[in-house]
Colleague: 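I'd like to ask some things about the structure below.
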Amino acid sequence: MFVLGIDPGLTRMGFGLLRRHPSGSPIFEVATAGVIETPPEDALEDRLGMISVEIDSLLDEVRPDVVVVERIFFQTNVRTAIPVAQASGIVIAAANRRGIEVAHLTANEVKLSVVGHGGATKRQVQEMVARLCGLAEAPSPADVADAMALAACYLGTSNLKRAILEQVR
């Protein structure tokens with residue numbers, strides 16, 4: 001199963017496509033990872049259009065089984081939250097049009113799963129993602145590591161969630 005993690009953003013949107021490593025060590029294999037960037041000086045509609053084109057292209061190229069998007073949570077800066085939510089919506093809609101399952105995880109859920117502490121720093125997430133994926137260096141920028149952590153969290157917990165749901169039914 002290939003899982004595409006997306007760390008939504010308007011200026012930088014991180015992505016990371018992972019699957020469980022066939023041999024089991026390291027735990028996750030990285031198929032691709034990177035960042036989609038838009039120029040901050042461009043108009044919002046142009047930037048969202050660029051993201052839409054890039055996400056469509058990425059989904060058509062990598063064909064993930066699941067797309068995991070970070071659930072947006074802002075306590076203070078609503079001006080930032082709205083464009084990030086718009087960018088996130090583009091990803092969700094693009095996945096839905098292709099019939100790809102979409103999951104949402106909060107940053108705290110991911111940090112707890114990947115690092116073991118919901119208040120982990122960006123650097124701690126980057127370093128743990130490197131270990132989990134057998135990388136020589138921590139993924140950079142942090143948006144890429146966050147996206148990879150989303151995919152790793154989903155892969156690490158999806159079997160447990162499915163087993164629980166089957167017991168409830």
Colleague: At what distance, to the nearest 0.5 angstrom, does CZ of Arg47 lie from CG of Asp42?
Modeller: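 Separation between the atoms: 7.0 Å.
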
Colleague: If you look at every heavy atom in Ala138 and Ala130, which pair is closest and at what distance?
Modeller: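 The pair with the smallest heavy-atom distance is CA-CB, 3.8 Å.
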
Colleague: If I compare all heavy atoms of Met148 with all of Leu18, which pair ends up nearest, and what's the gap?
Modeller: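 Met148 and Leu18 have their closest heavy atoms at O-CD1, 3.2 Å.
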
Colleague: With side chain to side chain contact (heavy atoms under 4.5 Å, CB included) as the test, would you mind laying out the steps for Phe15 and Ile36 before giving the verdict?
Modeller: CA-CA 8 Å; Phe15 64 88; Ile36 296 168; 4.1 Å; yes

Colleague: Counting only heavy atoms not in Glu41, do more than 12 fall under 6.0 Å of its CD?
Modeller: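 More than 12 heavy atoms, drawn from other residues, nucleotides or ligands, come within 6.0 Å of this atom.
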
Colleague: Is there a donor-acceptor pair closer than 3.5 Å between any side-chain N or O of Arg98 and the backbone N or O of Ala94?
Modeller: yes

Colleague: Knowing that exactly one of Val35, Ile55, Thr38 qualifies, which makes a side-chain contact (heavy atoms from CB on, under 4.5 Å) with Met13?
Modeller: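 It is Ile55; the other options fail the test.
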
Colleague: Can any side-chain N or O of Gln126 pair as donor or acceptor with the backbone N or O of Pro139 at less than 3.5 Å?
Modeller: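 The answer is yes, because a donor-acceptor pair under 3.5 Å joins these two groups.
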
Colleague: What's the shortest heavy-atom distance between Ala145 and Val129, and which atoms?
Modeller: O-CG2, 3.7 Å

Colleague: Should Val68 and Val3 count as side-chain neighbours, where that means a heavy-atom distance under 4.5 Å?
Modeller: yes

Colleague: Short question: side chain of Gln124, backbone of Thr121 - any donor-acceptor pair under 3.5 Å?
Modeller: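 Between the backbone of Thr121 and the side chain of Gln124 there is a qualifying donor-acceptor contact (under 3.5 Å).
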
Colleague: If you define the side chain from C-beta out and look only at heavy atoms, does anything of Leu4 sit under 4.5 Å from Leu150?
Modeller: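 No, their side chains stay 4.5 Å or more apart.
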
Colleague: CD1 of Ile92 to CD1 of Ile100: how many Å apart, nearest 0.5 Å?
Modeller: 12.5 Å

Colleague: Would you kindly confirm whether Val53 and Leu44 end up in one hydrophobic cluster when ILVMFWY residues are joined by side chain heavy atoms under 4.5 Å apart?
Modeller: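 In one cluster with Val53: Leu44, no.
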
Colleague: Locate the shortest heavy-atom distance separating Ala95 from Val67; write the atom from each residue and the value.
Modeller: CB-CG2, 4.0 Å

Colleague: For Gly119, does its backbone N or O pair with a side-chain atom of Lys111 as donor and acceptor, under 3.5 Å?
Modeller: no

Colleague: Tell me, do Ile51 and Gln86 make a side-chain contact under 4.5 Å, heavy atoms counted?
Modeller: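 A side-chain contact under 4.5 Å is absent here.
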
Colleague: Going only through I, L, V, M, F, W and Y residues with side-chain contacts under 4.5 Å, is there a path from Leu58 to Met1?
Modeller: no

Colleague: Short question: side chain of Arg20, backbone of Leu155 - any donor-acceptor pair under 3.5 Å?
Modeller: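 Side chain of Arg20 to backbone of Leu155: a pair is present.
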
Colleague: Under a 4.0 Å N-O cut-off, is there an ion pair linking Asp7 with Arg12?
Modeller: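 No, this pair does not count.
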
Colleague: Using the rule that two of Ile, Leu, Val, Met, Phe, Trp, Tyr join whenever any of their side-chain heavy atoms come within less than 4.5 Å, decide whether Val110 and Val30 are in one cluster.
Modeller: yes

Colleague: I'd like to check Asp146 versus Lys122 (side-chain heavy atoms, cut-off strictly below 4.5 Å). Are they in contact?
Modeller: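 Asp146 vs Lys122: side chains touch.
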
Colleague: Measure the shortest side-chain to side-chain distance between Met50 and Pro39 over non-hydrogen atoms and say whether it is less than 4.5 angstrom.
Modeller: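 Yes, at least one pair of side-chain atoms sits under 4.5 Å.
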
Colleague: Under a 4.5 Å side-chain heavy-atom rule over Ile, Leu, Val, Met, Phe, Trp and Tyr, are Val84 and Val91 clustered together?
Modeller: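 Unlinked, Val84 and Val91 end up in two clusters.
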
Colleague: With side chain to side chain contact (heavy atoms under 4.5 Å, CB included) as the test, would you mind laying out the steps for Leu59 and Arg97 before giving the verdict?
Modeller: CA-CA 11 Å; Leu59 291 175; Arg97 283 193 311 271; over 6 Å; no

Colleague: Taking side chain as C-beta onward, heavy atoms only, is Val102 less than 4.5 Å from Val66?
Modeller: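 Not in contact.
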
Colleague: Among the clusters formed by ILVMFWY side chains lying less than 4.5 Å apart, do Phe2 and Val144 turn up in the same one?
Modeller: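 No, Phe2 does not connect to Val144 through the hydrophobic network.
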
Colleague: Flag the pair Arg19 / Asp65 as yes when at least one side-chain heavy-atom distance between them is below 4.5 Å, and no otherwise.
Modeller: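 The answer is no, as the side chains (C-beta and beyond) never meet within the 4.5 Å cut-off.
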
Colleague: Can you see which heavy atom on Asn108 is nearest to which on Gly118, and at what distance?
Modeller: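 Reported closest heavy-atom pair: OD1-O, 3.0 Å.
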
Colleague: Between Tyr154 and Glu109, do the side chains contain a donor N or O and an acceptor N or O under 3.5 Å apart?
Modeller: no

Colleague: Return the minimal non-hydrogen interatomic distance between Gly5 and Ala151, and the atom names on each side.
Modeller: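 Gly5 and Ala151 have their closest heavy atoms at N-CB, 3.8 Å.
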
Colleague: Measure the spacing between CD1 of Ile6 and NE2 of His104 and express it to the nearest 0.5 Å.
Modeller: 12.0 Å

Colleague: Would you indicate whether the side-chain heavy atoms of Ile90 and Leu48 approach each other to under 4.5 Å?
Modeller: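 Yes - at least one pair of side-chain heavy atoms lies under 4.5 Å apart.
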
Colleague: Examine the side chains of Ser88 and Arg71 and answer whether a donor and an acceptor come within less than 3.5 Å of each other.
Modeller: no

Colleague: Find the distance between CD (Glu37) and CD (Glu54) and round it off to the nearest 0.5 Å.
Modeller: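 Glu37 CD to Glu54 CD: 10.5 Å, rounded to 0.5 Å.
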
